[in-house]
Amino acid sequence: MPHDHLCITLVPLLNHLPHEDQLKINQLLHHQVFAKGEHVINPLLDPRLAIVAHGSLKIYQLSPAGQEQLLRVAEAGDYEGENFLFGVENETLYGEALEETEVCFLKRDDFQKLLLSYPEISLKLLTFNAEKASSTEKQASFLLMERVEERLATYLLNLSKTKDSATFTLPLKMKELATFLGTTPETLSRKFKLLEKEKLISRDKKTVTLLDQDGLEDM
DNA sequence: ACATTAAAAAGCA
DNA sequence: TGCTTTTTAATGT
């Protein structure tokens, strides 16, 4: 669907630059559209920065046991893989398209040249990375919350906040959301039912509506 | 309170 | 239709 646009304009990391520069940089980017379920990042691929232009990516690690741990969902404007461009080896990081997703790639050499000729980008990068690190910390303490319904409630509140609506669609499969919340699909299913019974939310398959936001916050 | 196991039900290509 | 995901139920830690 998206075709005739500049990748740059969709990406907060780069779209603050003057138009002329954006045009130049856009030539360094490689667009690629991925179908749902396709792998965008895996440890075997050569290092490159992946910027989500449209759609969303599931970012996860694979444990030696083969268990996947979901780290985050990268939405349009988010990027992944910047540390590989600074020499950090990718051992276990995977990225998979959750829907039809358009990604802009930047090779390591081009990326480093870019940072040298546009110092503003370096500053932006530091800012965004600081936010990213901070939200990863939040996720870590988030998993320390005792009860699953507590985690589920805050997850739903966050999602409602970022989507700016009381009604929204879950981006993940229940199975995936379960691992993200540090539980099992079975328990997750029961917690959803519990929240519905207490009239805190309503749900039609993957569409959730928050009915009592205050009630959810009290958990 | 939650996991595990098993099995039924629902969803999807 | 045949496979995958989600739900339900019974039992274990």
Side-chain angles (χ1 to χ4, degrees), chain A residues 1-3 32-45 52-76 78 80 92-103 135-163 165-219:
Chain A
M1 171 207 311
H3 186 238
Q32 199 173 332
V33 176
F34 292 86
K36 177 180 177 182
E38 284 189 305
H39 288 80
V40 178
I41 299 170
N42 85 48
L44 304 176
L45 261 40
V52 180
H54 187 266
S56 56
L57 296 181
K58 180 179 74 169
I59 307 297
Y60 63 97
Q61 285 179 250
L62 223 46
S63 75
Q67 246 278 285
E68 75 175 47
Q69 176 56 52
L70 216 124
L71 299 180
R72 61 189 148 265
V73 175
E75 310 272 359
D78 295 338
E80 206 57 49
T92 54
L93 193 76
Y94 294 79
E96 189 183 314
L98 287 172
E99 58 199 295
E100 171 149 314
T101 297
E102 183 179 6
V103 181
S135 77
T136 321
E137 282 172 20
K138 275 183 197 162
Q139 169 64 8
S141 60
F142 171 75
L143 283 170
L144 289 179
M145 291 193 285
E146 330 275 86
R147 289 163 299 112
V148 172
E149 56 242 68
E150 200 179 348
R151 276 172 263 160
L152 177 57
T154 57
Y155 171 81
L156 292 175
L157 286 167
N158 277 336
L159 204 58
S160 161
K161 203 171 165 187
T162 60
K163 302 241 177 164
S165 161
T167 302
F168 49 86
T169 304
L170 296 173
L172 301 167
K173 297 185 208 148
M174 300 301 266
K175 187 177 150 190
E176 297 171 325
L177 181 56
T179 72
F180 184 67
L181 299 178
T183 183
T184 61
E186 293 87 344
T187 298
L188 181 60
S189 171
R190 293 189 186 99
K191 294 310 176 184
F192 263 114
K193 217 171 80 178
L194 181 76
L195 295 185
E196 289 181 81
K197 198 175 67 188
E198 301 194 346
K199 301 274 191 289
L200 296 174
I201 67 168
S202 69
R203 180 172 63 124
D204 177 42
K205 55 161 277 167
K206 284 192 173 179
T207 304
V208 176
T209 304
L210 305 191
L211 301 176
D212 182 357
Q213 193 153 332
D214 296 331
L216 286 170
E217 277 160 4
D218 288 342
M219 314 190 85

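Basis for what follows: all heavy atoms, side chains included, without hydrogens, waters or symmetry-related copies. Quick caveat, the model's predicted, so the values are computed rather than measured. Numbers restart at 1 for each chain; the letters A, B, ... are given by sequence-line order, proteins then strands.
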How long is the line joining [atom1] of [X] and [atom2] of [N], in whole Å?
X: A:Lys193; N: B:dA10; atom1: NZ; atom2: P; value: 13 Å
X: A:Leu188; N: C:dT6; atom1: CG; atom2: C1'; value: 10 Å
X: A:Lys191; N: B:dA1; atom1: NZ; atom2: P; value: 7 Å
X: A:Asp204; N: C:dT7; atom1: CG; atom2: P; value: 12 Å
X: A:Lys175; N: B:dA9; atom1: NZ; atom2: P; value: 21 Å
X: A:Glu146; N: B:dA3; atom1: CD; atom2: P; value: 14 Å
X: A:Lys206; N: B:dG11; atom1: NZ; atom2: C1'; value: 10 Å
X: A:Leu143; N: B:dC2; atom1: CG; atom2: P; value: 13 Å

Under 4.0 Å, heavy atoms only, any strand: does [X] hit a base, just the sugar-phosphate, or nothing?
X: A:Arg147; answer: sugar-phosphate
X: A:Glu186; answer: base
X: A:Lys36; answer: nothing
X: A:Arg151; answer: nothing
X: A:Glu150; answer: nothing

Ignoring backbone atoms, establish whether [X] has a side-chain N or O less than 4.0 Å from OP1 or OP2 of [N].
X: A:Thr187; N: B:dA3; result: yes
X: A:Lys205; N: B:dC12; result: yes
X: A:Thr184; N: B:dA3; result: yes

So which heavy atom on [X] is nearest to which on [Y], and how close?
X: A:Asp212; Y: A:Lys199; result: CB-O, 4.0 Å
X: A:Val52; Y: A:Glu75; result: CB-O, 3.4 Å
X: A:Arg147; Y: A:Met219; result: NH2-C, 4.3 Å

Query raised in the report: Between C:dT7, B:dC12, C:dT6, which one does the side chain of A:Arg203 approach most closely?
Result: C:dT7
Query raised in the report: Where the side chain of A:Glu149 is defined as all heavy atoms beyond and including C-beta, which of C:dT6, B:dT4, B:dC2 is the nearest nucleotide?
Result: B:dC2
Query raised in the report: Per the atom types in the model, does the base of B:dA3 pair as donor or acceptor with the side chain of A:Arg190 at under 3.5 Å?
Result: no
Requested in this report: Assess whether atom NZ of A:Lys36 is packed by more than 12 heavy atoms of other residues, nucleotides or ligands within 6.0 Å.
Outcome: no
Query raised in the report: Mind checking whether A:Phe180 and A:Phe142 have parallel, tilted or perpendicular rings, split at 30° and 60°?
Result: tilted
